[in-house]
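Before any comments, here is the structure.
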Amino acid sequence: MPGTGPMLLALHGIGASKGIAIGKVYMVERGHLDVQEKRLPKPRVEAEVRRFRNALGAARKELEAVKDRIPEEAGPEIAAFIDTHLLMLEDAALSSEPVRHIRELRCNAGWALKLQRDALVAVFDAMEDPYLRTRRDDVNHVVDRVQRILTSGRRRRTQVMPVKGRIVFADDLTPADTVLMQHQGVLAMITEYGGPTSHTAILARSLRIPAVVGLHDSRPYLRNDETVIVDGREGVVLVNPGRETVRHYRRLASQLERKQGALLKLKKAPAVTADGESVVLQANVELPSDVELVGQVGAAGVGLYRTEFLFMNREVPPDEEEQYAAYRQVAGAVPGAPVTIRTLDLGADKQVDGSRPGAPTTSNPALGLRAVRLCLKEQSLFKPQVRAILRVAAESPVRMMIPMLATTQELAQVLQIVKDCGRELAAEGRAFDARIPIGAMIEVPAAAVCADIFARRLDFLSIGTNDLIQYTIAIDRVDDEVNYLYDPLHPAVLRLIQITIRAGQKAGIPVAMCGEMAGDSRYTRLLLGLGLKEFSVHPNALLDIKHVINESHVGEMRKLTARLMRTAKTVSRDALMDEMNRTLDL
């Protein structure tokens, strides 16, 4: 119609970092690197090896320059990501294997690096754990940086883009990109790919930059200098908003800013509901550097310390002494506070160096040899970890948590191994805690249904909602084809959560939740209504969860939760959730 302005368009993705931004788009264009194989004459092979090593050195200098630009007030996890990439440049998997390919295949450095990258990415793609699976991005980002240097023949200058006061759109962003853009004053970030555990998502949350990721196939709908609104809470990008829409979102942005200021005042406040029920709020530690954030937000301790990072990107697993030192460092960073160490949660498809010669291919890693199953089969991997945890527990209030328990036979085997390791330590004259609290992650539906049986033999339970939801509904939440089915409010999921909480109450042991559902403030009141008294969340979400707890009346939530549990229709459940959260500004 003549005179009609541009139509408002809403693009839906994943809200990765809360916040609202209004501004013009800057489209990041990166050409695809098409690496071709080239056969080298024998006299040129060693020169190609030197060219490859020079490219590694140039990439290292680039990353060190980026690290120098990290704001002093930024969280320690930001530097940790850059450090991870620096370490990968030193790792034999990327520094030595391509050299071997160059020499054995007499191929160009770019092709040798591509072969190695493809092999490493295949290992990460096979991983079931969503967080670990997205670490393939580290490989891609580091390799891409080296490939571009190989292509240009020199170290690139630190890229300065006109992003100040702009909203950046890209297919994906590396940690280095994110740091540089924050330094240059970017307003918000939106990406074609990525999920809630991608680098862009984690760093955007840390730097408090609004972000929406996973906007698949959205590039044709965005143009440079086009005005958009980014709503990182809802995962929505509005293109061509009208004046009224802009005014509405500016008001929302001001409200969010005031709310963030108020949240910081909650650091030392207790987590107590409006009707006087105390709640334990602990933090998940995904990277060792996250421990520093635990104290910054006033967490009551560490409810989940992931140990997989000690085992990744190396040819030989860490020995007992290395693990003891690492766990002792974490416990020492939060003196006097409880630290829950989860034992190794890797699978047979993802051994320490990413390979297991002669091992059968696992067609479905989620249902294969992983977590406690792997540990019980390969006890030479498990026992040094158990011994290290027992030793640290003699010095600090440490608990041991076993992932993916499904049967009482597995539990009996674990408890026997703990006893055996204790006897060994006693015979060696080493200090250890024979009464260390041992708990289980309830993330398999069978374990939730039998939670009462597990509760009688354990000291605590912790609900891992990420896997529990996936296994219950039989979907992979990072698979774009089916992740729309991922529903924490599915009646079966809620019943399993309720069964587990009640089993803990009956046995007189604490029940926590450490999955993403615990860190999403939309579900906090529902979980309180189900009887949850312990939450373990990422440090960046903790104050938001505390705010909701302090503003909630558990008695009222129990009534609404009981109604929701009897409701079969999705629309009705959503309406009850809205009623629960009506008085909150989420």
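Residue numbers start at 1 and run along the sequence shown.
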| Pair Leu63-Leu89, side chain to side chain contact (heavy atoms under 4.5 Å, CB included): steps then yes or no | CA-CA 10 Å; Leu63 289 172; Leu89 289 170; 3.8 Å; yes

| request: Evaluate the criterion side chain to side chain contact (heavy atoms under 4.5 Å, CB included) for residue pair Met189 and Thr178; output intermediate values, then yes/no. | output: CA-CA 9 Å; Met189 298 174 177; Thr178 307; 3.5 Å; yes

| task | Would you mind reporting whether Met441 and Cys514 have side-chain heavy atoms less than 4.5 Å apart? | result | yes

| query | Do other residues, nucleotides or ligands put more than 12 heavy atoms under 6.0 Å from Gln409 CD? | reply | no

| Heavy atoms from other residues, nucleotides or ligands near CZ of Arg60 exceed 12 (cutoff 6.0 Å) | yes

| Counting heavy atoms not belonging to Gln329, are there more than 12 under 6.0 Å from its CD? | no

| Test side chain to side chain contact (heavy atoms under 4.5 Å, CB included) applied to Leu415 and Arg457, step by step | CA-CA 10 Å; Leu415 295 178; Arg457 302 192 63 186; 3.9 Å; yes

| query | For Asp172 and Thr191, what are the C-alpha separation, side-chain angles and deciding distance, and is it a side chain to side chain donor-acceptor pair (under 3.5 Å)? | reply | CA-CA 5 Å; Asp172 190 18; Thr191 64; 5.3 Å; no

| said: Working note: Leu94 + Leu120, criterion side chain to side chain contact (heavy atoms under 4.5 Å, CB included); need CA distance, chi angles, decisive distance, verdict. | reply: CA-CA 9 Å; Leu94 285 181; Leu120 291 171; 3.8 Å; yes

| note | For Phe311 and Leu344 the tightest heavy-atom approach is CD1-CD1, 3.5 Å

| If we only count heavy atoms from C-beta on, is the Thr307 to Gln323 side-chain gap below 4.5 Å? | no

| message | Distance check, rounded to the nearest 0.5 Å: Asp520 atom CG versus Thr465 atom OG1? | response | 9.5 Å

| request: Would you name the heavy atoms of His141 and Leu173 that are closest together and state the gap between them? | output: CE1-O, 3.7 Å

| In Å and rounded to the nearest 0.5 Å, what is the CG to NE2 distance from Asp544 to His538? | 13.5 Å

| task | Just jot down the side-chain contact (heavy atoms from CB on, under 4.5 Å) partners of Ala337, sequence neighbours excluded, or say none. | result | Val334

| query | How close do Ala299 and Leu542 get, heavy atom to heavy atom, and via which atoms? | reply | CB-CD1, 3.6 Å

| remark: When every non-hydrogen atom of Glu516 is compared with those of Asn466, the smallest separation belongs to N-OD1, 2.9 Å

| Worked check of side chain to side chain donor-acceptor pair (under 3.5 Å) between Tyr327 and Glu395 | CA-CA 11 Å; Tyr327 306 151; Glu395 306 168 10; over 6 Å; no

| Do Asp467 and Gln470 touch side chain to side chain, with heavy atoms closer than 4.5 Å? | yes

| field | Under 3.5 Å: donor-acceptor pair, side chain of Lys268, backbone of Gly298 | value | no

| field | Which residues share a salt bridge (Lys or Arg N to Asp or Glu O under 4.0 Å) with Glu277, sequence neighbours left out | value | Lys533, Arg558

| said: Using 0.5 Å steps for rounding, measure from the OG1 atom of Thr343 to the CG atom of Asp345. | reply: 8.0 Å

| Residues two or more places apart in sequence or in another chain: which of them pass side-chain contact (heavy atoms from CB on, under 4.5 Å) with Ala269? | Leu266

| query | Does the side chain of Val339 reach to within under 4.5 Å of the side chain of Val291, using non-hydrogen atoms? | reply | no

| task | With the side chain counted from C-beta on, respond yes when Val548 and Arg522 share a heavy-atom pair under 4.5 Å apart, and no when they do not. | result | no

| message | How long is the straight-line distance from CD of Glu443 back to OG1 of Thr500, given to the nearest 0.5 Å? | response | 11.5 Å

| said: Between the side chains of Arg391 and Glu321, is the shortest nitrogen-to-carboxylate-oxygen separation below 4.0 Å, so that they form an ion pair? | reply: yes

| query | Taking side chain as C-beta onward, heavy atoms only, is Met513 less than 4.5 Å from Leu527? | reply | yes

Throw together a table of side-chain donor-acceptor distances under 3.5 angstrom for residues 418-425, partners on residues two or more places apart or in other chains.
unit_1 : atom_1 : unit_2 : atom_2 : d
Asp420 : OD1    : Gln416 : NE2    : 3.0
Asp420 : OD1    : Arg423 : NH1    : 2.8
Glu424 : OE1    : Arg387 : NH1    : 3.1

| task | Just jot down the side chain to side chain donor-acceptor pair (under 3.5 Å) partners of Thr273, sequence neighbours excluded, or say none. | result | Asp275

| Is a salt bridge present between Arg502 and Asp452, judged by a nitrogen-to-oxygen distance below 4.0 Å? | no

| request: For Arg525 and Glu551, indicate whether the former's side chain and the latter's backbone hold a donor-acceptor pair under 3.5 Å. | output: yes

| field | Atom pair CG/CG of Leu374 and Leu376 - distance to nearest 0.5 Å | value | 9.0 Å

| query | Shortest non-hydrogen contact from Ser536 to Ala518? | reply | O-CB, 4.1 Å

| query | Shortest non-hydrogen contact from Ser17 to Ala204? | reply | OG-O, 3.3 Å

| message | If only side-chain N and O atoms count, and only distance matters, is there a donor-acceptor pair under 3.5 Å linking Glu320 with Tyr324? | response | no

| query | Heavy atoms, side chains only, cut-off 4.5 Å: are Arg306 and Leu304 in contact? | reply | yes

| Does the Glu322 side chain pair with the main chain of Pro318, one donor and one acceptor, at a distance under 3.5 Å? | no

| request: Could you tell me whether Glu308 and Arg370 make a salt bridge, using a distance below 4.0 angstrom between a side-chain N and a carboxylate O? | output: no

| Given side chains that start at C-beta, do those of Val511 and Gln505 come closer than 4.5 Å, heavy atoms only? | no

| message | Can you tell me how far apart CZ (Phe454) and CG (Leu405) are? Round to the nearest 0.5 Å. | response | 5.5 Å

| message | Test of understanding: with salt bridge (Lys or Arg N to Asp or Glu O under 4.0 Å), list the residues that count as partners of Asp433, not counting sequence neighbours. | response | none

| Is there a donor-acceptor contact under 3.5 Å from the side chain of Asp91 to the main chain of Met88? | no

